[in-house]
Amino acid sequence: MSTIEHAHGHADDHAHDDHHPHGWRRWLYATNHKDIGTLYLWFSLAMLMTGGVLALGIRAELFMPGLQLFQPEFFNQLTTMHGLIMVFGAIMPAFVGFANWMIPLQIGAADMAFARMNNFSFWLLPPAAILLVSSFLMPGGATAAGWTLYAPLSTQMGIGMDMGIFAMHIMGASSIMGSINIVTTILNMRAPGMTLMKMPMFAWTWLITAYLLIAVMPVLAGAITMTLTDRHFGTSFFNAAGGGDPVMYQHIFWFFGHPEVYIMILPAFGIVSQIIPAFSRKPLFGYASMVYATSSIAILSFIVWAHHMFATGMPVTSQLFFMYATMLIAVPTGVKVFNWIATMWQGSMTFETPMLWAVGFIFVFTMGGFTGLICAITPVDIQLQDTYYVVAHFHYVLVAGSLFALFAGFYYWGPKWTGFMYNETRGQIHFWASLITFNVTFFPMHFLGLAGMPRRYADYAAQFTDFNMLASIGAFGFGLSQVYFLFFVLLPSIRGGEKAAAKPWDGAEGLEWTVPSPAPFHTFETPPTVN
Ligand code: CU1
């Protein structure tokens with residue numbers, strides 16, 4: 001019996017007590033970490049599809065040179081909104097959904113520390129998403145300043161920009177509250193015996209991620225608030241004519257933005273660090289070094305921000321500092337990759353769908369890591385800045401990194417969530433189709449970037465046609481692969497099918513809990529709330 005059904009069945013025994021609201025109330029008033037986790041996951045899936053449709057619009061326009069479908073102004077709205085929706089609507093909330101589902105279970109807590117704040121964190125998101133997406137309908141359309149919302153362009157666009165700023169404020173508030181909840185839960189609500197250094201890696205990576213979020217979301221809020229006051233209240237923070245500096249916007253934004261990219265990858269590291277041992281039937285190699293590597297990455301992420309700004313002109317000493325600091329991050333990241341490989345080494349490996357995604361993650365994410373190193377080299381970056389090479393780089397880390405890990409986690413833990421096994425053949429089809437089409441989409445972009453094709457343009461010179469056609473074909477294939485996932489894997493595995501065993505991964509399962517967990521999975525049908 002699934003955990004959800006179980007909770008439900010239990011509630012039916014007390015049909016008249018209102019601790020377990022039914023129907024829409026169950027979701028609107030949800031204080032149960034599992035229900036809230038489910039809400040987060042559905043929300044992020046909806047945003048993934050919305051952002052995906054925008055991406056396909058971009059790739060459709062870029063299938064051929066010339067303008068076919070969209071005017072350049074609208075094209076730039078598509079790229080901007082694609083980025084904002086994927087970062088703030090899809091990837092981040094998906095990891096928070098995983099955190100809600102898994103962290104209390106992993107540390108033996110009854111629920112999240114602040115159950116009602118947890119509800120509020122989630123329900124801020126749908127209005128923010130509606131605000132963001134409906135800005136397309138405003139005069140002048142959605143913001144077209146790029147997801148980074150650089151001044152001075154962002155200080156001059158229409159009302160869509162204000163709606164975007166408001167939406168990001170709301171999403172930021174949601175993230176901060178979610179992070180406070182995660183930190184408090186992990187620090188205060190671990191079961192007896194569950195010391196910090198015994199926690200499963202996903203809980204560890206999220207603890208560190210939550211600190212990053214609390215540190216940098218207010219910085220983003222500051223940057224976009226200054227943008228707002230420059231727009232409407234006569235300030236000149238980013239306006240050179242009034243004594244301000246548009247480059248300062250970039251400093252503030254990337255002081256948020258670089259830790260943000262680790263916010264989107266550290267929980268992915270955590271998921272992969274649990275799947276690899278389970279399907280290698282060995283404990284994680286170098287557990288403590290994984291914890292320290294994660295912390296090192298988080299700390300270093302605060303001192304590398306200006307590697308996004310080499311082309312703005314800066315003193316050579318600054319260039320060198322940000323170049324070397326950035327390269328330093330390759331060390332703890334390398335520790336992680338080597339630990340994953342050492343975990344697999346001489347293991348009794350099997351390749352069910354979660355493991356395929358996890359190994360695919362290591363392989364393809366690491367390519368994104370290498371191109372990141374290349375971009376960190378200042379003189380190279382000045383050449384590659386704002387070309388498709390950078391677009392290729394960050395899609396290798398965000399799609400083949402974050403999204404692949406999310407799929408790995410879904411296939412791994414989903415049977416616990418729904419109570420049903422997904423179809424293994426279809427899961428593997430989904431993996432291989434995604435892996436191939438992902439690379440068809442984004443690998444050619446390296447060549448386009450090296451050849452000098454700039455990003456954020458609706459049109460391009462004829463010599464870029466072949467690789468663009470290939471990328472567009474790949475993108476539609478990738479989109480179709482996710483439609484296949486939705487209709488042939490996800491929905492069927494929720495409706496029913498083969499019942500998942502209590503330990504779906506059998507021999508592999510025990511190793512997920514490399515420490516004896518004092519709190520097994522199914523003891524929390526009716527979690528008490530704390531606040
Ligand atoms: Cu960065």
Side-chain angles (χ1 to χ4, degrees), residues 1-4 6-7 10 19-20 30-37 95-119 121 177-211 214 266-267 269-271 273-275 277-278 282-295 298 409 412-413 416-417 501-531:
M1 187 181 279
S2 79
T3 45
I4 292 176
H6 208 135
H10 186 85
H19 290 296
H20 296 275
T31 49
N32 172 316
H33 72 101
K34 295 175 183 173
D35 282 353
I36 293 174
F95 281 125
V96 180
F98 273 70
N100 262 288
W101 257 104
M102 298 313 300
I103 288 176
L105 301 177
Q106 292 191 328
I107 65 171
D111 203 301
M112 297 296 282
F114 305 114
R116 288 173 215 282
M117 189 169 81
N118 204 11
N119 173 293
S121 299
M177 285 192 284
S179 302
I180 290 170
N181 226 333
I182 288 167
V183 169
T184 313
T185 305
I186 292 178
L187 294 188
N188 290 331
M189 295 176 64
R190 277 168 290 126
M194 177 58 77
T195 61
L196 284 176
M197 288 308 279
K198 286 181 178 174
M199 284 199 305
M201 276 310 296
F202 180 67
W204 249 120
T205 54
W206 240 119
L207 177 63
I208 293 164
T209 301
Y211 275 112
I214 293 168
L266 293 182
F269 288 166
I271 292 173
S273 297
Q274 292 197 230
I275 293 174
K282 281 173 63 191
L284 181 65
F285 184 93
Y287 170 89
S289 70
M290 286 301 220
V291 173
Y292 300 135
T294 310
S295 312
Y412 186 48
W413 287 317
K416 300 270 201 190
W417 302 342
K503 293 186 170 188
W505 302 113
D506 194 41
E509 173 64 17
L511 287 164
E512 181 201 337
W513 312 91
T514 44
V515 290
S517 166
F521 241 108
H522 1 313
T523 51
F524 299 119
E525 291 101 41
T526 52
T529 53
V530 169
N531 63 341

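Below, each value reflects all heavy atoms present in this structure, side chains not excepted, and no hydrogens, waters or symmetry copies. Counting from 1, the numbers follow the sequence of the chain as shown.
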- Item | Donor-acceptor contact present, side-chain Thr185 to main-chain Ala113, <3.5 Å | yes

- Trp101-Trp413 aromatic ring centre distance below 6.0 Å: no

- Query: Could you state the interatomic distance from CZ (Arg190) to CD1 (Ile103), rounded to the nearest 0.5 Å?
  - Reply: 12.0 Å

- Query: In Å, rounded to the nearest 0.5 Å, how long is the span from CD1 of Ile180 to CZ of Phe114?
  - Reply: 8.0 Å

- The side chain to side chain donor-acceptor pair (under 3.5 Å) partners of Trp204 (sequence neighbours excluded) come to Tyr287

- Message: Tell me every residue that passes side chain to side chain donor-acceptor pair (under 3.5 Å) with Asn100, counting only those two or more places apart in sequence or in another chain.
- Response: Asn118

- Message: Is it the case that the side chain of Asn119 and the backbone of Thr31 share a donor-acceptor pair, with hydrogens and angles ignored and the cut-off at 3.5 Å?
- Response: no

- Query: Got a sec, which residues hit side chain to side chain donor-acceptor pair (under 3.5 Å) with Ser289, two or more places apart in sequence or on another chain?
  - Reply: Asn339

- Query: Partners of Phe269 by ring pair (Phe, Tyr, Trp, His ring centres under 6.0 Å), sequence neighbours excluded?
  - Reply: Trp340, Phe365

- Task: For the residue pair Met201 and Thr294, establish whether any side-chain heavy-atom pair is separated by less than 4.5 Å.
- Result: yes

- Query: For the atom pair CH2 (Trp417) and NZ (Lys34), what is the distance rounded to the nearest 0.5 Å?
  - Reply: 12.0 Å

- Query: Considering only heavy atoms from C-beta outward, does the side chain of Ile271 approach that of Tyr412 to under 4.5 Å?
  - Reply: no

- Item | Note, Ile182 side chain near Met112 side chain (heavy atom, < 4.5 Å) | yes

- Query: Measuring from Ile275:CD1 to Leu284:CG, what's the distance to the nearest 0.5 Å?
  - Reply: 12.5 Å

- Task: Only counting residues at least two apart or in another chain, list the ones meeting side chain to side chain donor-acceptor pair (under 3.5 Å) with Ser179.
- Result: none

- Taking C-beta and beyond as the side chain, do Phe202 and Ser273 meet within less than 4.5 Å on heavy atoms? no

